[in-house]
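To start, the structure under review is shown below, and the notes come after it.
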Amino acid sequence: MQEIVRSLYESINKLRAVIDKRKEVSEQRANAEYRYRTELGREMARAKAEGMANTALYDYCRGLENVAKLRESRDILVAQEEYLTELIFFYRASIRVYEGEAAAERKGL
């Protein structure tokens with residue numbers, strides 16, 4: 001029983017850590033999204049002022065190195081956020097398993 005309780009507390013502590021990390025990554029992702037969109041908008045306005053056609057404007061500006069780097073940073077943070085979300089689901093499931101094992105052991109099963 002002590003091993004089950006120890007594993008349960010360990011999973012709870014890991015879940016807390018992952019939730020805190022996800023919050024941090026979510027804030028970073030939001031900031032990265034802001035930087036990407038504002039830079040894309042700036043570049044689109046600059047290219048439009050230089051006379052670029054509307055049909056090519058968006059694709060051209062997304063391909064600029066400074067904009068592409070910002071998008072890459074944003075996409076990496078999105079992937080990290082999705083990974084941490086899956087970890088949250090994993091730890092929640094393991095907590096439920098440990099709770100079930102503890103309940104079964106208390107009943108003598």
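In this text, all values refer to a predicted model and were calculated from it rather than measured experimentally.
When all heavy atoms of V18 and Y91 are compared, the pair lying nearest together is CG2-CE1, 3.8 Å. Taking each heavy atom of E43 and L64 in turn, the nearest pair found is OE1-CD1, 3.3 Å. Between N66 and E39, the closest heavy-atom pair is ND2-OE2, 2.7 Å. The heavy-atom pair separating I95 from S11 by the smallest distance is CG1-CB, 3.7 Å.
Residues I19 and F90 share a hydrophobic cluster, clusters being chains of Ile/Leu/Val/Met/Phe/Trp/Tyr side chains in contact below 4.5 Å. Taken together through direct or relayed side-chain contacts under 4.5 Å among Ile, Leu, Val, Met, Phe, Trp and Tyr, V97 and I12 form parts of separate hydrophobic clusters. Taking hydrophobic clusters as Ile, Leu, Val, Met, Phe, Trp and Tyr residues chained together by side-chain heavy-atom distances below 4.5 Å, I76 does not share a cluster with Y83.
Side-chain contact check for R16 versus N13: some heavy-atom pair is nearer than 4.5 Å. Inter-residue side-chain proximity for Y36 and R62 is flagged as met; some heavy-atom pair is nearer than 4.5 Å. Inter-residue side-chain proximity for D75 and R71 is flagged as met; some heavy-atom pair is nearer than 4.5 Å. Side-chain atoms of V78 and E33, non-hydrogen and from C-beta on, never get closer than 4.5 Å to each other. Between Y58 and L40, the closest side-chain pair of non-hydrogen atoms falls below 4.5 Å.
To the nearest 0.5 Å, atoms CD (E105) and CD (Q2) are separated by 10.0 Å. One distance of note links NZ of K14 with CG of L87; it measures 10.0 Å at 0.5 Å rounding. Rounding to the nearest 0.5 angstrom, the gap separating the CZ atom in R22 from the OG1 atom in T85 is 3.5 Å. Here the CD atom belonging to E10 is positioned 9.5 Å from the OG atom belonging to S94, to the nearest 0.5 angstrom.
Among residues two or more places apart in sequence or in another chain, the side chain to side chain contact (heavy atoms under 4.5 Å, CB included) test is passed with A47 by M52, L57, Y60, C61.
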Full working for salt bridge (Lys or Arg N to Asp or Glu O under 4.0 Å) between E65 and K69
CA-CA 6 Å; E65 188 173 349; K69 282 287 184 189; 5.7 Å; no
Salt bridge (Lys or Arg N to Asp or Glu O under 4.0 Å) between E27 and K23, worked out
CA-CA 6 Å; E27 289 171 356; K23 179 182 182 284; 2.9 Å; yes
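For R46, the CZ atom sits in a packed shell: over 12 heavy atoms of surrounding residues, nucleotides or ligands are nearer than 6.0 Å.
Test E81, K21, Q80 against S26 for side-chain hydrogen bond (donor to acceptor under 3.5 Å, both in side chains) and you get one pass: E81.
Sorted by first and then second residue, the salt bridge (charged side-chain N to carboxylate O under 4.0 Å, His left out) pairs with a member in residues 85-103 form an empty list; sequence neighbours excluded.
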